[in-house]
Amino acid sequence: MKAVAVRDGGKTAADLCIIEVARPETGRGHVLIRVTHAGVNRPDILQRRGLYPPPPGASPIMGLEVAGVIEQIVPDPQWGDDIGWKVGDQVCALVNGGGYAAYVSVDIRHLLPVPKGLSLAEAASLPEVSLTVYANLIEHGGLKAGEAVLVHGANSGIGSMTVMLGKAVGARVIATVRGAERIDWVRALGADVVIDTAAGDFIDTVKAEGGADVILDIVAGDYVAKNILCLKPRGRLVQVGMARGNTAEIDVTRIMQKQAILTGSMLRPRSPEEKARLTAEVRAKVWPLIEAGAIRPVVAKVFPFAEVGAAHAFLDSGAHSGKVVLEL
Ligand SMILES: NC(=O)c1ccc[n+]([C@@H]2O[C@H](COP(=O)([O-])OP(=O)(O)OC[C@H]3O[C@@H](n4cnc5c(N)ncnc54)[C@H](OP(=O)(O)O)[C@@H]3O)[C@@H](O)[C@H]2O)c1
């Protein structure tokens with residue numbers, strides 16, 4: 001089968017190439033998906049550069065989410081016959097690597113149906129952001145109706161899902177972007193307030209808005225101390241990325257004064273059982289919001305599989321808003 005490989009260290013997107021490799025084995029409790037589309041995510045770029053190695057046992061091939069068609073099912077007898085899926089079903093899924101390939105083996109419990117009314121390309125853009133944002137905004141952050149959420153990088157895949165899920169649960173959404181040209185796009189997702197950090201700091205505006213109960217932060221670095229200043233009493237700062245660096249200097253007095261909670265998580269290292277639980281939660285709580293139109297996929301561009309290097313260069317350039325998808 002065709003799959004994407006990295007040559008010469010992966011420093012640039014031009015180091016990506018397509019090679020022939022054996023189809024993955026489909027173990028007990030797994031399905032083989034014929035991949036039609038694969039989501040392209042920021043961690044893929046880090047993996048290409050050798051900065052985000054696949055965890056033990058994971059496919060060395062890049063790609064954390066796919067959509068496609070079930071080609072083969074290998075049931076696990078302990079789960080019984082009624083597995084809820086059949087060969088030929090259109091599905092999407094979070095995968096533990098291996099998404100940039102014609103076929104990928106996926107734990108049956110990690111499958112999601114293609115939401116009604118959506119294309120396979122749109123479906124491929126959803127699993128990674130849906131699971132990450134649900135886990136961090138709702139489970140770790142505990143965001144509730146009537147609260148306020150601050151999200152940085154609101155034009156990103158993660159950021160755009162945070163804006164839409166935040167609005168869908170009835171929260172007020174304050175968003176930051178870098179550049180005035182992003183403002184209307186993020187406002188159209190439903191954000192109540194959009195701050196252009198290229199024009200000035202976000203702290204005063206967020207404080208003038210009354211502060212944030214939850215902050216979903218993909219930026220870290222010097223943003224951490226600023227975020228703590230923006231939290232309301234008993235606010236929760238949830239760290240999911242570190243675009244500005246993984247260390248921060250903070251005044252811990254502020255944490256104590258506000259009874260703040262600093263937390264965060266990574267999706268990929270979670271156990272298969274934990275991902276299965278999260279997938280079921282997302283199917284029950286987020287998929288109906290997508291099918292009702294309250295959350296919509298935001299695909300910036302679909303690239304043919306042969307142009308995977310161009311897809312990485314596009315994501316790397318920062319020119320996009322929303323998600324990038326490969327079509328096989
Ligand atoms: N913890 C987890 O489980 C998990 C899962 C998935 C993703 N993530 C992380 O979430 C982040 C977003 O992923 P994505 O796929 O949605 O990426 P993406 O679409 O490429 O977006 C990256 C975002 O980060 C912003 N950004 C980059 N450098 C910045 C800086 N120095 N200061 C302020 N903002 C900056 C970008 O702003 P511009 O558009 O203005 O450049 C953009 O909004 C990544 O850091 C990724 O590693 C974490």
Side-chain angles (χ1 to χ4, degrees), residues 112 115 126-177 186-195 202-203 205-220 223-224 226-241 254-267 270 274-298:
L112 286 158
L126 289 169
E128 170 82 6
V129 289
S130 301
L131 270 75
T132 300
V133 174
Y134 183 85
N136 289 288
L137 189 65
I138 307 300
E139 295 191 342
H140 292 281
L143 184 70
K144 293 183 280 298
E147 291 191 325
V149 58
L150 169 65
V151 54
H152 297 301
N155 60 307
S156 66
I158 296 288
S160 53
M161 176 57 81
T162 305
V163 171
M164 292 186 283
L165 186 57
K167 287 309 294 177
V169 302
R172 184 168 168 77
V173 176
I174 307 168
T176 74
V177 290
V186 171
R187 217 185 285 282
L189 296 176
D192 297 287
V193 179
V194 185
I195 304 165
F202 59 88
I203 301 174
T205 311
V206 179
K207 281 185 170 176
E209 290 291 326
D213 297 281
V214 178
I215 302 176
L216 196 85
D217 183 28
I218 60 172
V219 178
Y223 272 37
V224 179
K226 295 179 183 186
N227 285 334
I228 294 169
L229 294 177
C230 291
L231 283 176
K232 288 186 186 184
R234 292 181 183 265
R236 290 84 73 192
L237 170 57
V238 189
Q239 216 60 63
V240 292
R254 307 276 183 202
I255 302 173
M256 296 187 287
Q257 283 168 339
K258 294 190 175 188
Q259 301 182 45
I261 293 173
L262 273 58
T263 181
S265 78
M266 289 179 174
L267 185 59
R270 292 180 189 230
E274 177 60 10
K275 287 177 184 167
R277 182 198 67 75
L278 204 48
T279 302
E281 279 290 305
V282 163
R283 184 172 181 177
K285 310 265 175 58
V286 181
W287 252 226
L289 295 170
I290 295 171
E291 293 188 340
I295 292 176
R296 58 187 169 84
V298 283

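Taking each heavy atom of V149 and A171 in turn, the nearest pair found is CG1-CB, 4.5 Å. In this structure, A154 and V163 approach most closely via the heavy-atom pair CB-CG2, 4.0 Å. The shortest non-hydrogen separation linking D192 to R187 is O-NH1, 4.0 Å. Residue E274 comes nearest to R277 through the heavy atom pair OE2-NH2, 3.0 Å, listed as atom of the first residue, atom of the second, then distance. The two residues V151 and G159 come nearest to each other via the heavy atoms CG2-CA, 3.9 Å. The two residues L289 and A168 make their nearest non-hydrogen contact at CD1-CB, 3.9 Å.
Looking at R236 and E147, a side-chain N of the basic residue comes within less than 4.0 Å of a carboxylate O on the acidic one, giving a salt bridge.
V193 is listed as a side-chain neighbour of R172, based on a closest heavy-atom distance under 4.5 Å. A heavy-atom distance below 4.5 Å is found between the side chains of S130 and M161. At a threshold of 4.5 Å between non-hydrogen side-chain atoms, the residues N136 and I158 do not count as touching. Considering only heavy atoms from C-beta on, W287 comes within 4.5 Å of L126 through its side chain. You'll find the side chain of I138 stays beyond 4.5 Å of the side chain of E281, heavy atoms only.
In this structure, the separation between NZ on K285 and CD on E139 is 8.0 Å, given to the nearest 0.5 Å. Atom NE2 of H152 is separated from atom CD1 of I195 by 8.5 Å, given to the nearest 0.5 angstrom. Residue L143 holds its CG atom at 7.5 Å from CG of D213, rounded to the nearest 0.5 Å. Note that the NE2 atom of H140 and the CD atom of Q239 stand 12.5 Å from one another [nearest 0.5 Å]. Between I290 atom CD1 and M164 atom CE the span is 8.5 Å, to the nearest 0.5 Å. Atom CD1 of residue I215 and atom CD1 of residue I174 lie 9.0 Å apart, to the nearest 0.5 angstrom.
Residue R234 qualifies as open at atom CZ: its count of foreign heavy atoms under 6.0 Å is 12 or below.
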message: Could you go through I203 and C230, starting from their C-alpha distance and side-chain angles, then the distance that decides it, and tell me whether this counts as side-chain contact (heavy atoms from CB on, under 4.5 Å)?
response: CA-CA 6 Å; I203 301 174; C230 291; 4.2 Å; yes
message: Using side-chain contact (heavy atoms from CB on, under 4.5 Å), reason through L137 and V238 one step at a time and then give a plain yes or no.
response: CA-CA 8 Å; L137 189 65; V238 189; over 6 Å; no
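Relative ring orientation between F202 and Y223 is described as tilted, the plane-to-plane angle lying within the 30° to 60° band.
Among T162, L150, L165, the single residue meeting the side chain to side chain contact (heavy atoms under 4.5 Å, CB included) criterion with L216 is T162.
The main-chain N or O of I228 is found under 3.5 Å from a side-chain atom of K258 such that the two form a donor-acceptor pair.
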